[in-house]
Every structure is written in structure tokens, then in C-alpha cells.
Amino acid sequence: MKRTKKIVTFLIVFCMAAVLFPTTAFAASARVNFSATTSGTGNSIKVRSVTYEKDFKEYYDNYIGEFDIKFSTLVSWKRTAKVSVKDDQGKRYDAWLADRDNNDCEVEIENPKAGRTYSITINGVKKRGTRSYRKLMLKVSVPSEKASGKKVKVSRVTVDEDNDDYDNYGTEIDVKFATKVKWRRNARISSVKDNKGKSYKAILTEKDSDDCEIYIRNIKYGRTYKIKISGVKARGASSYETVTVTVKVPVRSNKISVKKVEYEEDYDDGMWEYVVDIKFNKRVRHKGNSYVVIKDSSGKTYSSRNTYVDWDGDECEIHLSRGLTYGKTYTYKIVNVKANGESKYTTLKGNFTVY
């Protein structure tokens with residue numbers, strides 16, 4: 001998975017009859033009770049319906065309440081039209097006229113509270129064909145939500161043994177959810193303990209709608225880990241929860257070895273380049289004085305202590321001073337290398353044939 005932060009929105013479903021409002025989750029465009037008055041006398045702006053939905057902005061951890069107001073008559077808007085909103089407990093909200101048209105408009109507020117009545121004042125609208133802009137004042141009732149019993153379910157937990165994108169030794173745990181999930185902005189790994197009671201530091205390296213990745217530092221192989229993930233919930237649930245997953249990290253061999261050797265010649269900018277590419281079974285660590293020696297069967301040296309070696313993850317490229325002969329077999333000696341997790345540096349020896 002790419003470590004990329006994503007913005008996800010979802011709609012909470014609310015089912016209701018025309019004027020009755022059962023305490024369930026909201027759906028897109030669910031009608032709500034309202035009353036409307038227009039400032040001044042005559043030429044009232046008639047409101048046909050008000051619908052409401054709650055949209056969750058995952059990245060910002062905010063809810064946006066959207067009121068869609070439909071008019072019975074055509075209206076005109078002042079260029080500087082604006083809206084203000086407060087609820088029946090006196091709380092004022094950041095509000096925007098997100099959209100306005102000749103027969104409807106949309107009012108958005110940040111972090112609405114269910115079970116309250118909202119006073120929405122729109123300043124700068126008029127019935128089409130009339131002279132003066134008015135204030136349209138609405139009272140809109142948003143029913144309470146029933147807490148959802150949905151729980152996060154985990155389908156699979158796996159260990160990524162060869163992941164070491166960090167300087168410290170560690171292991172990445174991949175958690176796959178059986179349900180779509182939402183994340184709190186401050187979601188975190190609240191606890192990691194192994195079967196011997198030892199605690200570990202861990203971070204959420206990535207979180208998505210159906211999985212997450214957890215990096216655990218200084219992990220001990222062969223132990224069972226209990227990991228608590230805080231700030232996640234099933235999509236449609238009303239509250240976040242702490243999910244506990246258990247994973248057995250198998251014993252693994254940290255012994256490094258060479259799994260493939262390739263040779264390549266390239267003519268570039270008037271010069272020949274001769275490169276031997278050695279691929280390891282694991283990501284390799286090397287010292288500042290690490291080097292690779294390559295010789296033929298007669299003892300002739302093609303790579304020595306002073307030869308340039310490009311170390312990169314689980315491979316290294318040796319830039320030779322002269323070319324090798326196709327069909328011949330050569331020996332290699334790689335000095336001062338080890339795999340992540342190994343305690344001591346070692347020397348690897350072997351041979352390869354140039355094809």
C-alpha cells in the first residue's frame with residue numbers, strides 16, 4: 001500500500017415516512033420538519049421542502065450537515081447573500097451557502113448535533129419579479145440518531161516479514177477488515193503486548209477503508225502479539241471503538257544468501273560499462289568498508305576493495321573495470337554484509353556463470 005493520505009466521505013442512512021422520523025441513521029435527502037417565514041410584508045418566499053443529510057469528511061474528522069431547501073416559487077439571489085445558523089441551545093455554527101439556484105439552495109454547517117432544532121437565516125434572497133431582497137428564516141428539526149450496533153470485523157492478519165522501510169528493526173503487520181471502516185483523525189495503536197507480557201511501540205503506517213498497516217519496532221519473532229487499534233468504526237456506526245487483533249509472528253531465519261547473479265554490458269556516451277548485479281534473499285546491510293571481489297578461474301581480478309559498489313535494498317551492483325567473458329564461470333566474495341535482524345556481519349562466497 002502507498003503511504004498516501006486519502007479523503008473519504010460517506011452518507012448515513014435515515015429511513016422515514018413523510019412526517020414521521022424513526023430514530024435510525026440518516027439517508028441522503030431525508031425530509032425533515034420545518035417552518036419558514038419571510039421578513040417584511042407580502043411577497044413571502046414559499047418553501048416546499050427541506051431535506052437533510054450528514055456527510056463525514058474522514059480526513060478532517062468533521063461532520064458536515066447539509067440542508068437542501070426547495071422553494072415553491074422561483075427566486076433571485078443577491079450577489080452577497082449569506083447565511084447564519086444557530087440551534088435551540090444557542091450554539092452558533094460555521095455555515096455556508098454551498099449552492100444556490102432559482103428554485104433551491106443548499107446550506108452546510110460544520111459538526112451538527114442530532115436531536116436539535118436549527119434556526120437558519122438566509123439574507124439576500126427574494127421572490128423573482130419583486131423589488132426588495134428579504135431575509136428567509138427557517139426552523140428545521142433534526143431528529144436524534146439511534147446508536148448503531150455495527151462492529152468492526154477482522155478477516156485476516158498477516159506478517160510482512162521483509163518490510164524494513166525504517167532505520168530501526170521492525171516488522172509490518174497487515175490487518176484486513178471484513179467490514180468497511182472509518183478512521184478518527186487521531187486513530188492510533190494504543191497497545192501492543194506479546195505473550196510474555198512485554199510491551200512494544202507501534203504506529204499506524206497506513207489506514208484505508210478496508211485495511212491498515214501497523215509497524216512494530218524491535219519485534220521478537222516466534223511470539224504472539226495482541227494489538228489494540230483505537231479510533232476505528234464500522235461504516236455506518238455511530239461511535240468509534242478499540243479493535244483488538246492477535247497475530248503470531250513466526251520464527252524466521254535471518255541468514256542472508258545470494259539468490260541470483262546477473263551480468264550486463266552497456267555502451268553509453270562513448271564508453272563501455274560492465275556491471276554485475278547480485279540479488280540477495282533479504283534486504284542487506286553493509287559497512288562503510290564492505291566490498292566485493294570477483295575473480296576468474298585463473299585468479300585474475302575483475303573487482304577488488306576499491307571497485308565501486310552500488311548498494312540498494314536487496315541487491316548490489318558492482319561496476320567492473322573490464323568485461324567478463326560469456327560462458328565462463330567466476331567466483332565472488334562479498335565482505336561485511338548481513339540481513340536486517342542478524343547480529344553479525346558475514347562474508348558470502350559463491351560462483352556464477354555469465355550467460
Side-chain angles (χ1 to χ4, degrees), residues 7-146:
I7 300 180
V8 181
T9 60
F10 74 88
L11 302 177
I12 303 177
V13 180
F14 174 67
C15 301
M16 55 167 285
V19 294
L20 297 177
F21 299 89
T23 54
T24 56
F26 289 105
S29 301
R31 289 182 178 236
V32 291
N33 283 331
F34 73 94
S35 63
T37 58
T38 308
S39 63
T41 58
N43 298 322
S44 294
I45 301 168
K46 302 295 183 182
V47 177
R48 185 172 79 247
S49 66
V50 178
T51 56
Y52 174 78
E53 63 178 302
K54 191 166 68 171
D55 191 11
F56 182 68
K57 309 298 183 184
E58 179 188 25
Y59 183 74
Y60 298 102
D61 198 29
N62 284 342
Y63 285 99
I64 300 297
E66 298 176 349
F67 296 94
D68 187 7
I69 303 167
K70 296 190 181 301
F71 305 111
S72 298
T73 55
L74 296 180
V75 299
S76 298
W77 294 91
K78 195 174 184 178
R79 184 176 59 85
T80 56
K82 58 184 180 179
V83 63
S84 62
V85 178
K86 68 177 181 178
D87 63 24
D88 52 6
Q89 296 187 19
K91 176 178 172 59
R92 293 189 176 274
Y93 295 80
D94 290 333
W96 308 270
L97 275 170
D99 192 16
R100 54 191 182 189
D101 207 338
N102 61 11
N103 61 355
D104 66 2
C105 70
E106 187 176 278
V107 174
E108 291 187 352
I109 65 173
E110 187 172 316
N111 293 324
K113 307 295 182 184
R116 298 188 182 182
T117 298
Y118 292 87
S119 296
I120 302 173
T121 301
I122 302 172
N123 199 344
V125 62
K126 67 178 181 178
K127 185 177 178 180
R128 179 167 290 185
T130 61
R131 293 184 56 188
S132 301
Y133 289 99
R134 307 291 189 89
K135 284 184 181 180
L136 176 63
M137 295 158 286
L138 301 100
K139 288 190 180 296
V140 181
S141 298
V142 175
S144 298
E145 298 176 62
K146 182 179 179 180

Could you tell me if the side chain of Val107 sits less than 4.5 Å from the side chain of Leu138, heavy atoms only?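 Counting from C-beta outward, Leu138 and Val107 never come under 4.5 Å.
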
Check: Arg31 and Thr51 side chains under 4.5 Å, non-hydrogen atoms: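 Yes, close enough: below the 4.5 Å cut-off.
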
Name all pairs fulfilling the ring-ring contact (aromatic ring centres under 6.0 Å, His included) condition that reach into residues 71-93, sequence neighbours left out, sorted by first residue then second.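 Qualifying pairs, neighbours excluded: Tyr93-Tyr118.
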
Could you grab the distance from atom [atom1] of [X] to atom [atom2] of [Y], nearest 0.5 Å is fine?
X: Phe34; Y: Thr117; atom1: CZ; atom2: OG1; answer: 13.5 Å
X: Cys105; Y: Ile120; atom1: SG; atom2: CD1; answer: 8.5 Å
X: Asn123; Y: Ser84; atom1: CG; atom2: OG; answer: 8.0 Å
X: Asn43; Y: Ser132; atom1: CG; atom2: OG; answer: 8.5 Å
X: Leu97; Y: Lys82; atom1: CG; atom2: NZ; answer: 11.0 Å
X: Asn103; Y: Ile69; atom1: CG; atom2: CD1; answer: 12.5 Å

Main-chain N/O of Glu106 paired to Asp99 side chain as donor or acceptor, under 3.5 Å: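 No, because the side chain of Asp99 does not come within donor-acceptor range (under 3.5 Å) of the backbone of Glu106.
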
Within 6.0 Å of CZ in Arg48, more than 12 heavy atoms from elsewhere: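 Correct, the count exceeds 12.
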
Shortest non-hydrogen separation from [X] to [Y] and the atoms involved:
X: Ile109; Y: Ala95; value: CG2-CB, 3.9 Å
X: Pro143; Y: Ala114; value: O-CB, 3.7 Å
X: Lys78; Y: Tyr133; value: N-CE2, 3.2 Å

Go through it in stages, so that I can follow the logic: the residues are Lys113 and Gln89, the test is side chain to side chain contact (heavy atoms under 4.5 Å, CB included), and I'd like the CA-CA distance, side-chain angles, deciding distance and then a yes or no. CA-CA 10 Å; Lys113 307 295 182 184; Gln89 296 187 19; over 6 Å; no

Testing Lys126, Lys135, Arg134, Met137 for side chain to side chain contact (heavy atoms under 4.5 Å, CB included) with Thr38, which one passes?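 That would be Arg134.
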
